[in-house]
Every structure is written in structure tokens, then in C-alpha cells.
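In what follows, a single structure is set out as C-alpha cells and then discussed.
All chains are named by letter (A, B, ...) in the order of the sequence lines, taking the proteins before the strands, and each is independently numbered beginning at 1.
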Amino acid sequence: MAKAKKTGITPTREADYPEWYQQVIKAADLAELSPVRGCMVVKPWGWAIWENMQRVLDGKFKETGHENAYFPLFIPMSYLEKEAEHVEGFAKECAVVTHHRLEPDPNGGLRPAGKLEEPLIVRPTSETIIGEMYARWVQSYRDLPILINQWANVVRWELRPRMFLRTAEFLWQEGHTAHADEAEAREETLRMLHVYADFAENYMAMPVIRGEKTAGERFPGAVSTLTIEAMMQDRKALQAGTSHFLGQNFSRAQGIKFQNQSGEEEFAWTTSWGVSTRLIGALIMTHSDDDGLVLPPRLAPAHVVILPIYRNDDERSGVLDYCQRLKNELEAKTYSGDAVRVRLDDRDLRGGEKNWQHIKRGVPLRAEVGPRDIENDAVFLARRDTGEKQGIGRGQFIESVGDILGEIQDGLFQRALELRQENTRTIDDLQEFREYFTPENADAPGIHGGFALCHFVDGDPVVEEEIKKLKVTVRCIPLEGDGQAGKCLFTGKPSAGRAVFAKAY
RNA sequence: CGGGACGUAGCUCAGCUUGGCUAGAGCACCGGCUUUGGGAGCCGGGGGUCGCAGGUUCGAAUCCUGUCGUCCCGACCA
């Protein structure tokens, strides 16, 4: 009897994309909302993905000459006031600590006491506190460059949280560097953008566009903001990482000064760059399908899950022995420089239910092993990315496991790249632009639009108004543009190059 | 911070219009038996001060007032 095809996730992406996203997180047991407004609890499976991301990125930061350090969670309010644009950018979303003690109140509860002389803000980002320290550390050109990264949590009091994409508290890394000259600082900004792009494409299997933000989208206080932008499966853009050239704005505000070789006093040139747990959201929306999470092998907490199948206690011990041996043999193999990560799921659950759990959690390979397979010295192997299932000899499986994982990794990247290519258009006609970004049914806007490459004039009010109406934003001016000049789509004024326009998260 | 909706079991919700026996269902959970190669079936069981505080009433999940919270749509944002 053929059963009706049932998806692991309800609703499907097509039916209700935002709800699908929430359900994937739930079904894959990645995280859940906490009782604290806007803050989430990252559960072990989600955390393991983050740990893998951290491990890879941390290695890349160290390879590029950076060291880790740690700076305080609290920042004196006055620090934030020093850089005017910076204040404006973050003031509206800061958590503020005004007291340092609790005392009993008359109703049997507690109330804050011990008012602080100067309020402390919980860092929304650490440029100011880190800059303050750099100012103390730098006297001579010989003290530069300073190349430091920190792994930390930050707080931005968001009004509308979405798991992983925008939460009040989130985890990230922030690199902060100070240099003796502009060229070196600009080079650093670009270098780290490429580190991010490499990580996104080769580890997350997520193609990205490297580009520069327009003035309006720039980091508050930065001279230039570089970004990597990815397309999610609903064709919206997600900013996946940023690298900022801060010029001398922050060093002037914070007094990061040094004497150069001629004995003259100069301000240092600084940069900052970061990626956050938002990358997990990006990962989910890039690869997952209507059955749940799909993980690129390089970041998957488990590459292979072995599912023993048996009917009774007699079969049980034999099957488990065989599985344990298979696990050991697989773990002796490597993929992408690491030992193959294998889990043996011998929980006392029904096979079907167990199997679905691993599908929903996105494990790249599931190997079912039952008496029948053992007889043939084989396993029944299922791929999460294609859904393909086949019997394969045990020896062959062990020999090829690394290759199969590599195939999955590459396949996911190709699939994501194709989606982006199919949904990227060069547009030179305003009417076409409007239609491209207008959903067929305004009351239930389904998946529509994509990336549009258009000529434009940065900051022109006519442009701003038009794209705002359509809820479209300028994502970036690609670094690898065609370099052709043209006419602004909206105003007809001369344009030096095309930018990527899209709806965004 | 503006507009809308909603708070009933761990989760999703019914019941409320028209107040009335012991507050229900599905899923999840626990136990037993039969099962086990893509989400098992049957039987039994545990679990709720109906968000909170007042009020009306012989009687409130249901009506009234207040309050707290959550979600959605805007504005803001990694």
C-alpha cells in the first residue's frame, strides 16, 4: 500500500516560509525561545553546529595572525557617546544597567537599589571599550598592528526577534585591529571579508556575494563596510558577515595615537569585523527542505548515524556488535581533515520514528544495519541531501565515506548556487523592477523576487523612496562587478556600476 | 512606540455567543500486550488553581473592569 507522501515539516516552504523556518528549528532540536523575551536557548544539536563554526573560523583567524582576548560585557555610557554616528546607530537598542543591588520591597518582592553614578550599557558591540584599551596600549608605531579577536555575547534590544536571525542576545566573534597606515587597515578589512566568504562557501556550502555597503547601510561610524550577502530559499537576502574599515573615526574619538618613525603623532587606522549565530539561520535557510534540516558535512555534528535494526534480543547483540565495529572502522577514516564523526543510535525506539528524527536533524548519511545486511556484509545507506537510498558493501562504504561526504558538500553548494543564479536578474527597466518585487497576492505574499542587478545613484531620495515602497534594499555593490557605467534605473542620472537589490532579513 | 489578534494539560486547540453536573480532544508522556527495514496498533494510566487581580451572581473558563504576557502587521536592526 502506497502511503500518501508525508513531509517531515508542516507547513512546507512553499506554503509558509517563515513558519517552516520555525518548525525546522523545532524539529531539528536546535534551539527554543526562552522565558526571557527575545532570548533563545541553544540546544545541544544547535550548539554543536556553532562549535564547529567556531572551530573553523577561529583557526582561520589565527592563520591570518590574530589572537583571542576578552573585554568586559559592560561599557560605561560615556564611552558610547564619544563617536557621534556610533551613538545614533546603537542608542535605541541598548540594555542599560542602572543599579547594582537588590533590596526587599514592602510587597515581599525585590527592588533595585544602589544606583550607579554612571549607567553601564550591555555591549551591543565592543568598538568603544576595546578602543579605550588600545589607546592605552599604543604609543609607538612599533606597537602596531594590534590584531585581536574576541568570542562574546552581545545584546541589542530588538523589537521583533526571530530565532538565530535576530535575537536580543546573540553570540558572535568581533575582530578589532589597529594599524599604522590606511592601506594596511584597508587590506585587513578585505582580507577578513575573504575569510568570511571562504568559510561561507567552502564550509557552509553557501554561495555569497562580496560587496560594499552603500552609505545608508554602513556600520555606524565606519568609513566603509564590506559584506557577504547570501540568497535564502525564499529568495530574500541575508547579510552573513561584515568587515568594517573604520578609518580614523574611532581612533580620534578614543585617542588611539602613536608616534611614527619621524616622531610625529598620528591616529591609528582601525577595523572591525564579525559574524554571529545568525550564520546558523543562514545555514538552515540555505539547505533545509520540507523534511527538515539539511547539514553540509563539514559542519555537521555527526556525518553518519548508524541505525541498528533487530527484532529480538538474539538479533540485538549481534547487530549491535556489527554496528559498533562499523562505527570504529568509519571513525578511523577522515573527511576534510577530521576523523569521520559517527553516532550509533541504539536507543530503544521504533525504527521509523528514529529514522525520521535523524532526517529532521539533517545528518548527512544514515546507515541502517539489520540481520539481512549483516548476512551480505553490507549496509543500507540513505543520503539526506538527495534522499537517495542504496545497499552498499561494508568495505566499500568505509572506503568511500569521505568521497560521499565530499559529494554531498559540493552538491549542496551547487544547488544553492543554481538557486541564486536562477533568481538573479539584470534589470534596466523600472516597470520590470517593480513587477519583479511585487507579490502576486499582496495579502499573502508568497515566495517571489530575488536579486536584481541595477544601476543606481547612492543616497538619491528618488531611489530611496521607490525601493522603500517595494520593501527592497540595496544589499551591496559587488566587488566583482562588471565595471560598466550606465544610467540610474530610477533617476536616469549617470551610474558608475550596478548594485544588488533584494528584499532582506 | 502605533494597528490587530490571542492567553484553557508539556504542545496544538475545542468549549465562551445564550453562566449550571466531575472542563474536553489530538499529539506527547507512563504501564501492559502485539509489533519493528520510512512517523505502529489495542487496552489502561498520570497530568489543568481555564494568565493574574478584582467585580457581578445562588453559581464564572464563560459576563464586566483592571493588569501582565505572547504572537502578527508596521517603524528599527547582524
Side-chain angles (χ1 to χ4, degrees), chain A residues 1-10 16 18-19 22-23 26-27 32-38 88-94 124-125 153-162 164-174 196 213 216-220 225 227-230 237-244 272-282 291-292 307-313 315-316 319 348-360 366-376 378-382 384 387 389 391 442-445 468 471 473 475 504-505:
Chain A
M1 288 296 143
K3 259 199 204 159
K5 193 157 192 176
K6 200 172 165 187
T7 56
I9 302 294
T10 312
D16 184 347
E19 181 59 24
Q22 298 292 117
Q23 292 304 324
K26 195 170 164 185
E32 65 186 60
L33 286 174
S34 75
V36 186
R37 201 208 126 83
E88 206 184 313
F90 288 109
K92 282 171 287 187
E93 50 187 36
C94 284
T125 178
N153 58 342
V154 289
V155 169
R156 297 183 190 173
W157 210 260
E158 296 293 347
L159 300 165
R160 214 141 66 85
R162 299 198 59 190
F164 290 115
L165 299 177
R166 192 172 300 113
T167 47
E169 178 191 16
F170 59 95
L171 300 166
W172 75 350
Q173 58 70 217
E174 45 181 329
Y196 289 154
K213 287 288 186 190
E217 303 272 337
R218 212 175 269 157
F219 177 75
T225 288
T227 177
I228 52 172
E229 298 282 331
L238 184 77
Q239 178 178 311
T242 47
S243 183
H244 315 290
S272 68
W273 28 274
V275 295
S276 72
T277 35
R278 173 177 254 205
L279 290 180
I280 297 175
D291 283 333
L307 301 163
I309 288 158
Y310 45 82
R311 274 181 285 267
N312 50 47
D313 281 352
E315 285 180 359
R316 185 172 185 273
V319 170
D348 182 22
L349 280 179
R350 280 186 53 80
E353 188 180 353
K354 206 191 272 190
N355 201 11
W356 271 105
Q357 286 187 10
H358 295 290
I359 293 172
K360 290 190 281 197
R366 304 188 306 284
E368 295 181 10
V369 176
R372 255 179 2 230
D373 306 296
I374 295 176
E375 218 170 283
N376 303 324
V379 303
F380 194 69
L381 189 66
R384 180 64 184 87
K389 281 171 280 194
D443 292 332
K468 193 174 175 180
K471 295 180 191 170
T473 54
R475 299 319 303 157
Y505 278 96

Using a heavy-atom cut-off of 4.0 Å across all strands, would you classify A:L307 as base, sugar-phosphate, or nothing?
nothing
If the cut-off is 4.0 Å, is A:K471 near the phosphate of B:rG74, judged by side-chain N/O to OP1 or OP2?
yes
Considering Watson-Crick and G-U wobble pairs with both distances under 3.5 Å, what does B:rU36 pair with?
none
Under 4.0 Å, heavy atoms only, any strand: does A:G370 hit a base, just the sugar-phosphate, or nothing?
base
Sugar-phosphate only, base, or nothing, as touched by A:F170 at under 4.0 Å among non-hydrogen atoms:
base
Roughly how far apart, to the nearest Å, are B:rC64 and B:rC6 at atom P?
13 Å
With distance as the sole test, does A:R278 use its side chain to make a donor-acceptor pair with the main-chain N or O of A:R166 at under 3.5 Å?
no
So, the side chain of A:K213 versus the backbone of A:R475: is there a donor-acceptor pair under 3.5 Å, distance only?
yes
Reckon A:L165 touches a base, only the sugar-phosphate, or nothing at all at heavy-atom distances under 4.0 Å?
base
How far does the C1' atom of B:rG4 sit from the matching atom of B:rA23, given to the nearest Å?
30 Å
Please state whether the base of B:rU35 and the side chain of A:R350 form at least one donor-acceptor pair under 3.5 Å?
yes
Which base, if any, makes a Watson-Crick or G-U wobble pair with B:rU57, both distances under 3.5 Å?
none
If the C1' atom of B:rC11 is compared with that of B:rA28, how far apart are they to the nearest Å?
7 Å
Classify the nucleic acid contact of A:R366 as base, sugar-phosphate or nothing, counting any heavy atom under 4.0 Å across all strands shown.
base
So A:V369 and A:V379, side chain to side chain contact (heavy atoms under 4.5 Å, CB included) or not? Walk me through it.
CA-CA 5 Å; A:V369 176; A:V379 303; 3.7 Å; yes
Closest to the A:Q239 side chain: B:rC77, B:rG37, B:rA78?
B:rA78
Across every strand shown, the nucleotide meeting Watson-Crick or G-U wobble geometry with B:rU17 (both distances under 3.5 Å) is none
Closest of B:rG37, B:rG39, B:rG38 to the A:K360 side chain is B:rG39
If we call it a pair only when both distances are under 3.5 Å in a Watson-Crick or G-U wobble match, what pairs with B:rC1?
B:rG74
Using the P atom on both, measure B:rU67 against B:rA14 and round to a whole Å.
26 Å
If you look at every strand shown and take non-hydrogen atoms under 4.0 Å, does A:K354 touch a base, only sugar-phosphate, or nothing?
nothing
Indicate, with a heavy-atom threshold strictly under 4.0 Å, whether A:G274 touches base, sugar-phosphate, or nothing.
nothing
Between the CD atom in A:E174 and the CH2 atom in A:W273, the distance rounded to the nearest 0.5 Å is 10.0 Å
Sugar-phosphate only, base, or nothing, as touched by A:P161 at under 4.0 Å among non-hydrogen atoms
nothing
Among B:rU36, B:rA78, B:rG38, which nucleotide sits nearest the side chain of A:R311?
B:rU36
Nearest to the side chain of A:I309 - B:rU36, B:rA78, B:rG38?
B:rU36
From B:rG37, B:rA78, B:rG39, pick the nucleotide closest to the side chain of A:E353?
B:rG39
Between B:rU62 and B:rC77, how far apart are the two C1' atoms, rounded to whole Å?
42 Å
Partner of B:rG66 under the Watson-Crick or G-U wobble criteria, both distances under 3.5 Å, comes out as B:rC52
Test your reading of the model: is there a side-chain donor-acceptor pair from A:E32 to the backbone of A:K26, 3.5 Å cut-off?
no
Any base atoms under 4.0 Å from A:T225, or only sugar-phosphate, or nothing? Heavy atoms, all strands.
nothing
Distance, C1' atom - from B:rU22 to B:rG66, rounded to whole angstrom:
32 Å
Roughly how far, to the nearest 0.5 Å, is CZ of A:R311 from CZ of A:R316?
15.5 Å
With a 3.5 angstrom cut-off on both distances, give the Watson-Crick or G-U wobble partner of B:rA9, or none if there isn't one.
none
Candidate nucleotides B:rU36, B:rG38, B:rA78, ranked by approach to the side chain of A:K389 - the nearest
B:rG38
Confirm from the modelled atom types if A:D373 and B:rG37 form a donor-acceptor pair under 3.5 Å, side chain to base only.
yes
Roughly how many Å apart are B:rC13 and B:rU56, using the P atom of each and rounding to a whole number?
34 Å
Using purine N1 to pyrimidine N3 plus N6-O4 or O6-N4 for Watson-Crick, or N1-O2 and O6-N3 for G-U wobble, each under 3.5 Å, what pairs with B:rG46?
none
Could you tell me which non-hydrogen atom of A:N312 sits nearest to which non-hydrogen atom of A:E315, and how far apart they are?
OD1-N, 2.9 Å
